[in-house]
Participant: 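This is the structure I have questions about; it appears just below.
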Amino acid sequence: MIRDELAILLEKAAIEAQRSNLLPPIAMPEIVLERPQNPEHGDYASTLPLKLARAARMDPLIIAQSLVNLIQRPKEIERIAVASPGFINFSLRSDWLTAQVEAILSAGAQYGNIDLGKGARVQLEFVSVNPTGPLHVGHGRGAILGSTLADVLASSGYEVVKEYYINDAGSQMDAFYRSLYARYQQALGRDAPMPTEGYFGDYMIDIANEIIAEEGERFLDKPEELGERGAAKVIAAIASDLELLGVTFDEWFSEQSLFEQGQYDKAMSLLSEKGYTVEKEGAVWFSSTALGEDKDNVLVRSDGSPTYFASDLAYHYNKFIERGFERVIDIWGADHQGHVSRMKAVIGALGIDPERLQVIISQMVTLKRGDAIIRASKRTGEMITLRELVDEVGVDACRFFFLSRSADSQMDFDLELAKRQSADNPVYYVQYAHARISSILRLAEERGIDFGGGDVSLLTSDPELALIRKMLQLPEVMELVAMTLEPHHLPYYATDMATIFHNFYEKCRVISDDRALTGARLKLVAAARIVLARTLHLMGMSAPEQM
RNA sequence: GUCCCUGUAGCUCAGUGGAUAGAGCAACUGCCUUCUAAGCAGUGGGUCGUGAGUUCGAAUCUCACCAGGGACGCCA
């Protein structure tokens, strides 16, 4: 990227300035180039002189001037200017800008890819809801976040594995089994009480009836098999809901398999070898207070059964040590916040750098219908499912809406508002830009215009150059999202692209009597379509040809 | 009580320690004989929760306080 080249050149200039005593030998901060808000300040700006001024005891303007004198101006740059109180502003050459249209066209659907990851293997775990019931809207948020992040990381040079961790062991699964068995017996006319900690949603009755319709009464004395059958149905339903949203996984990882394949035993013995387990009150604890945690955590209960924490420990042992992932990213709901620090602590105890695990906490989604807040509770079964949300709002709007908010902020989702405003939804604003472009290219095709020989150097007006400038930001946005793990920058970029395109559309007629200009603008528009479609696809949205 | 997230325009939300704090929706004013008006151009709207501090410079960093949400279990 040109931005990185400029940073390197600037650093060289600074070193050169120190060598020739124009700058004292002070420590050099990391050099970052920013995008100025005001276009009059050029395409990129550096505040290096301002940052150096204090330590150097010099006027930042004088530092800026020295650096500008020393910097080797690359061919892409038209002008390097000093601005008060100590900025260095870089402006791109317009002929270089227009040439990038050709570069985008030849990159095609690959345009925007970067090599940040250099092939590093990343495991991305998300959704991972207990298979005890249907997904609700909060799960949808994590699902969309994860699938988008996976696409961005894969486009940024990482080798990504998307995984769903199935909690098919443990006490909640047990409650599910017992609930289903009760519903099954009830459906067959027997008097069976629901467990108090059971799942009371109507879907449990549906599952029981389905199993009866398919296989009759044969599970009456086989509650375990019934439970497995029921869980398989729930998992299949979850998978199909996610697929509806465009979310898929490379691996569905079973918690049970950790026990069956020795991962749990290996992880636990490694932990005790390292001296971080202790027995007290009949249970086995992770002595996390030794690592600065507030309290110790139980790994094995006094009845001998492992806790969720213990199997998650085994899972992460498997990710890092058995499978050797360099990085692991987990996306958890806000209710798992307290799990983060002990998970990092236990990984550290296993001898793995905790920095290699990144946990994204996706905050709560509150669902509203008008003024009425809908409380979601899986136990009572009062909830709006993810599927219902997608049916009402649509996949594209759903994805765009969820992606537009940073994972850190909790969000209100008003169903009535989302439906009522559907025609004004920003999603259509972006897609409309794509449809307009497609329409122009369709007309060109109908008229048999071949713009392969179009001369992009004819693109010199402000709306044209502004469009090119915005298109060139896609790799920067890709890098930003990949580094911060914040996909919410994508919808904002998409909206910017659409705005600038719509503006161009108003001011610049593409297909006209001027054949040369028509050819050049068709190339520009074709490149803009590549960028818009790419951005939409990264968000998991469709790029409609017409609307 | 401890920990985490949030507090920015009427509403929903962006905002990598830098230049005049932005977008969408809502309100108001204009613009369709020409590739899609699901569009464009413009107007109004702000003690960036409060108060200190660090800095040449703070919405952004630190501390305290206020408000909302979440977590503090041998549940997951």
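No hydrogens, no waters, no symmetry mates; every other heavy atom, side chains included, goes into these values. Proteins come first, then strands; the chains are lettered A, B, ... in the order of their sequence lines, and each starts at number 1.
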Participant: Over all strands shown, is A:Asp408 touching base, sugar-phosphate only, or nothing at heavy-atom distances under 4.0 angstrom?
Facilitator: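 Touches sugar-phosphate only.
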
Participant: Taking only the C1' atom of each, what is the distance from B:A9 to B:G69 in whole angstrom?
Facilitator: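 Straight-line distance between the two C1' atoms is 23 Å.
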
Participant: Given B:G24, B:A76, B:G18, identify the nucleotide with an atom nearest to the side chain of A:Pro426.
Facilitator: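 Of B:G24, B:A76, B:G18, B:G24 is nearest to the side chain of A:Pro426.
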
Participant: Does the separation of the ring centres of A:Tyr317 and A:Tyr264 fall below 6.0 angstrom?
Facilitator: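 No: the rings miss the under 6.0 Å criterion.
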
Participant: I want to confirm an ordering. Mapping A:Glu506 and A:Ser171 to their closest nucleotides on RNA chain B, which one lands closer to the 5' end?
Facilitator: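 Nearer the 5' end of the strand: A:Glu506.
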
Participant: Taking only N and O in the side chain of A:His488, is any of them less than 4.0 Å away from OP1 or OP2 of B:G15?
Facilitator: yes

Participant: Verify the stacking flag for A:Tyr429 against B:A38: centroid separation must be under 5.5 angstrom and the ring planes must differ by under 30 degrees.
Facilitator: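 Base of B:A38: not stacked against A:Tyr429.
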
Participant: Need the glycosidic conformation of B:C32: syn if within 90° of 0, anti if not. Which one?
Facilitator: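 B:C32: syn.
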
Participant: Hey, does the side chain of A:Arg521 come within less than 4.0 Å of B:C35's phosphate (OP1/OP2), counting only N and O?
Facilitator: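 A:Arg521 to B:C35 OP1/OP2: no side-chain N or O under 4.0 Å.
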
Participant: Given the C1' atoms of B:C61 and B:G18, what is the spacing between them in whole Å?
Facilitator: 14 Å

Participant: Are the aromatic rings of A:Tyr165 and A:Tyr315 close, with centres under 6.0 Å apart?
Facilitator: yes

Participant: Between A:Val32 and A:Ala435, who's closer to the 5' end of RNA chain B by nearest nucleotide?
Facilitator: A:Val32

Participant: To the side chain of A:Asn38, which of B:C74, B:G17, B:U20 is closest?
Facilitator: B:U20

Participant: Starting at CG of A:Leu48 and ending at C1' of B:G17, how long is that distance when rounded to a whole Å?
Facilitator: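 Taking atom C1' of B:G17 as the reference, CG of A:Leu48 is at 14 Å.
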
Participant: Does the side chain of A:Gln358 pick up a donor-acceptor pair with the side chain of A:Asp330 at under 3.5 Å?
Facilitator: no

Participant: In whole angstrom, give the distance that lies between atom CD of A:Glu255 and atom P of B:C75.
Facilitator: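 Atom-to-atom, A:Glu255 to B:C75, this comes out as 14 Å.
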
Participant: Given B:C13, B:U16, B:C35, which nucleotide is nearest the side-chain atoms of A:Glu34?
Facilitator: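 Ranking B:C13, B:U16, B:C35 by closest atom to the A:Glu34 side chain puts B:U16 first.
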
Participant: Would you classify A:Asn89 as touching base, sugar-phosphate or nothing, given that sugar-phosphate means primed atoms plus P, OP1 and OP2, and contacts are heavy atoms under 4.0 Å?
Facilitator: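 A:Asn89: base contact, heavy atoms under 4.0 Å.
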
Participant: Do any side-chain nitrogens or oxygens of A:Thr495 fall under 4.0 Å of OP1 or OP2 in B:A14?
Facilitator: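 For A:Thr495, the contact criterion (side-chain N or O under 4.0 Å from OP1 or OP2 of B:A14) is not met.
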
Participant: If I take atom CD in residue A:Gln410 and atom C1' in nucleotide B:A71, what distance separates them, rounded to the nearest angstrom?
Facilitator: 13 Å

Participant: Hey, are A:Lys507 and A:Asp462 close enough for a salt bridge, meaning a charged N less than 4.0 Å from a carboxylate O?
Facilitator: no

Participant: What nucleic acid atoms does A:Leu50 come within less than 4.0 Å of, heavy atoms only: base, sugar-phosphate, or nothing?
Facilitator: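 Result for A:Leu50 = base.
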
Participant: Between the side chains of A:Ser305 and A:Asp303, does any donor sit under 3.5 Å from an acceptor?
Facilitator: yes

Participant: Taking only side-chain N and O atoms of A:Lys295, does any of them lie within less than 4.0 angstrom of OP1 or OP2 on B:U2?
Facilitator: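 False: A:Lys295 side-chain N/O out of range (4.0 Å or more) of B:U2 OP1/OP2.
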
Participant: Ring stacking, A:His336 with base of B:A76, under 5.5 Å and under 30°?
Facilitator: no

Participant: Quick check on B:A14: is either OP1 or OP2 less than 4.0 Å from any side-chain nitrogen or oxygen of A:Ser406?
Facilitator: yes

Participant: Please check the phosphate of B:G24 (OP1 and OP2 only) for any side-chain N or O of A:Asn425 closer than 4.0 Å.
Facilitator: no

Participant: Let me know the distance between CG of A:Asn297 and P of B:A76, rounded to the nearest Å.
Facilitator: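 The distance from CG of A:Asn297 to P of B:A76 comes to 13 Å, rounded to the nearest Å.
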
Participant: Let's test this: given Watson-Crick or G-U wobble pairing with both distances under 3.5 Å, identify the partner of B:G7.
Facilitator: B:C66

Participant: Under 4.0 Å, counting only non-hydrogen atoms across every strand here, what does A:Phe309 touch: a base, just sugar-phosphate, or nothing?
Facilitator: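 Nothing, no heavy atom under 4.0 Å.
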
Participant: Output the rounded distance in Å from CD (A:Glu545) to P (B:C35).
Facilitator: 19 Å

Participant: Is it possible for you to check whether A:Arg342 lies under 6.0 Å from the centre of the six-membered ring of A:Phe286, through NZ or CZ, and within 45° of that ring's axis?
Facilitator: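 A:Arg342 over A:Phe286 ring: no.
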
Participant: Under 3.5 Å for both donor-acceptor distances, Watson-Crick or wobble: does B:C31 have a partner, and if so which one?
Facilitator: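 Partner of B:C31: B:G39.
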
Participant: Can you see if the side chain of A:Arg301 gets near the phosphate of B:G73 - specifically, an N or O under 4.0 Å from OP1 or OP2?
Facilitator: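 No, because none of the side-chain N or O atoms of A:Arg301 sits under 4.0 Å from OP1 or OP2 of B:G73.
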
Participant: Is it the case that B:A71 (base atoms only) and A:Asp294 (side chain only) share a donor and an acceptor within less than 3.5 Å, ignoring hydrogens and angles?
Facilitator: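 Looking at the base of B:A71, it does not pair with any donor or acceptor on the side chain of A:Asp294 (distance under 3.5 Å).
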
Participant: Taking any heavy-atom pair under 4.0 Å as a contact, classify A:Glu476: base, sugar-phosphate, or nothing.
Facilitator: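 No contact.
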
Participant: Which value, in whole Å, describes the distance between the C1' atoms of nucleotides B:A41 and B:C32?
Facilitator: 14 Å

Participant: Taking a pair as Watson-Crick or G-U wobble with both distances under 3.5 Å, which nucleotide is matched to B:C48?
Facilitator: none

Participant: Tell me the closest heavy-atom pair linking A:Ala349 and A:Tyr276, and the distance in Å.
Facilitator: CB-CD1, 3.5 Å

Participant: Remember a base hit wins even if backbone is also touched, and classify A:Ser409 as base, sugar-phosphate or nothing at under 4.0 Å, heavy atoms.
Facilitator: sugar-phosphate

Participant: Say we look at B:U16 and B:G51: how far apart would their C1' atoms be, to the nearest angstrom?
Facilitator: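 My reading of the C1' atoms in B:U16 and B:G51 gives 27 Å.
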
Participant: May I ask you to say what A:Met411 touches in the nucleic acid, namely base, sugar-phosphate or nothing, with a heavy-atom cut-off under 4.0 Å?
Facilitator: sugar-phosphate

Participant: Is a donor on one side and an acceptor on the other found under 3.5 Å between the side chain of A:Arg509 and the backbone of A:Ile511?
Facilitator: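 Looks like yes, one N/O pair under 3.5 Å.
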
Participant: Less than 3.5 Å apart, any donor N or O on the side chain of A:Ser311 or A:Glu255 sitting next to an acceptor on the other?
Facilitator: yes

Participant: What's A:Arg57 touching, base or sugar-phosphate or nothing? Going by heavy atoms closer than 4.0 Å.
Facilitator: nothing

Participant: For B:A23, which nucleotide in any strand shown is its Watson-Crick or wobble partner with both distances under 3.5 Å?
Facilitator: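 Across all strands, the one nucleotide that pairs with B:A23 is B:U12.
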
Participant: Over how many whole Å does the gap from A:His339 atom NE2 to B:C4 atom C1' extend?
Facilitator: 15 Å

Participant: Suppose you measure atom C1' in B:G17 against the same atom in B:U34; what distance do you get, rounded to whole Å?
Facilitator: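 Rounded to whole Å, the distance is 50 Å.
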
Participant: How far, in whole Å, is B:U33 from B:U29 if one measures between their C1' atoms?
Facilitator: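 Taking atom C1' in both B:U29 and B:U33, they lie 24 Å apart.
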
Participant: Under 4.0 Å between any heavy atoms, over every strand shown, what does A:His489 touch: base, sugar-phosphate, or nothing? Just pick one.
Facilitator: sugar-phosphate

Participant: Describe the nucleic acid contact of A:Ala45 in one word from base, sugar-phosphate, nothing, applying a heavy-atom distance below 4.0 Å.
Facilitator: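 Base contact.
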
Participant: Does a nitrogen or oxygen in the side chain of A:Tyr308 sit under 4.0 Å from OP1 or OP2 of B:A76?
Facilitator: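 Looking at the OP1 and OP2 atoms of B:A76, neither is under 4.0 Å from any side-chain N or O of A:Tyr308.
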
Participant: Between the base of B:C5 and the side chain of A:Gln363, is there any donor-acceptor pair under 3.5 Å?
Facilitator: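 In this structure, the two groups form no donor-acceptor pair.
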
Participant: In whole angstroms, how far is the C1' atom of B:A21 from the CD atom of A:Gln37?
Facilitator: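 To the nearest whole Å, that distance equals 7 Å.
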
Participant: Hey, are A:Arg3 and A:Glu479 close enough for a salt bridge, meaning a charged N less than 4.0 Å from a carboxylate O?
Facilitator: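 Here A:Arg3 pairs with A:Glu479 in a salt bridge, since their nearest N and O are under 4.0 Å apart.
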
Participant: Checking base pairs now: Watson-Crick or wobble, both atom distances under 3.5 Å. What partners B:C72?
Facilitator: B:G1

Participant: Please tell me which of the listed nucleotides, B:A38, B:A76, B:A19, lies nearest to the side chain of A:Thr307?
Facilitator: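 Looking only at heavy atoms from C-beta outward on A:Thr307, the closest nucleotide is B:A76.
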
Participant: Would the base of B:C13 count as contacting A:Ser404 through its side chain, where contact means a donor and an acceptor less than 3.5 Å apart?
Facilitator: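 For A:Ser404, whose side chain was compared with the base of B:C13, there is no donor-acceptor pair (under 3.5 Å).
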
Participant: What nucleic acid atoms does A:His41 come within less than 4.0 Å of, heavy atoms only: base, sugar-phosphate, or nothing?
Facilitator: base

Participant: Can you tell me the base-pairing partner of B:G53? Count Watson-Crick or G-U wobble geometry only, both distances below 3.5 Å, and say none if there is no partner.
Facilitator: B:C61

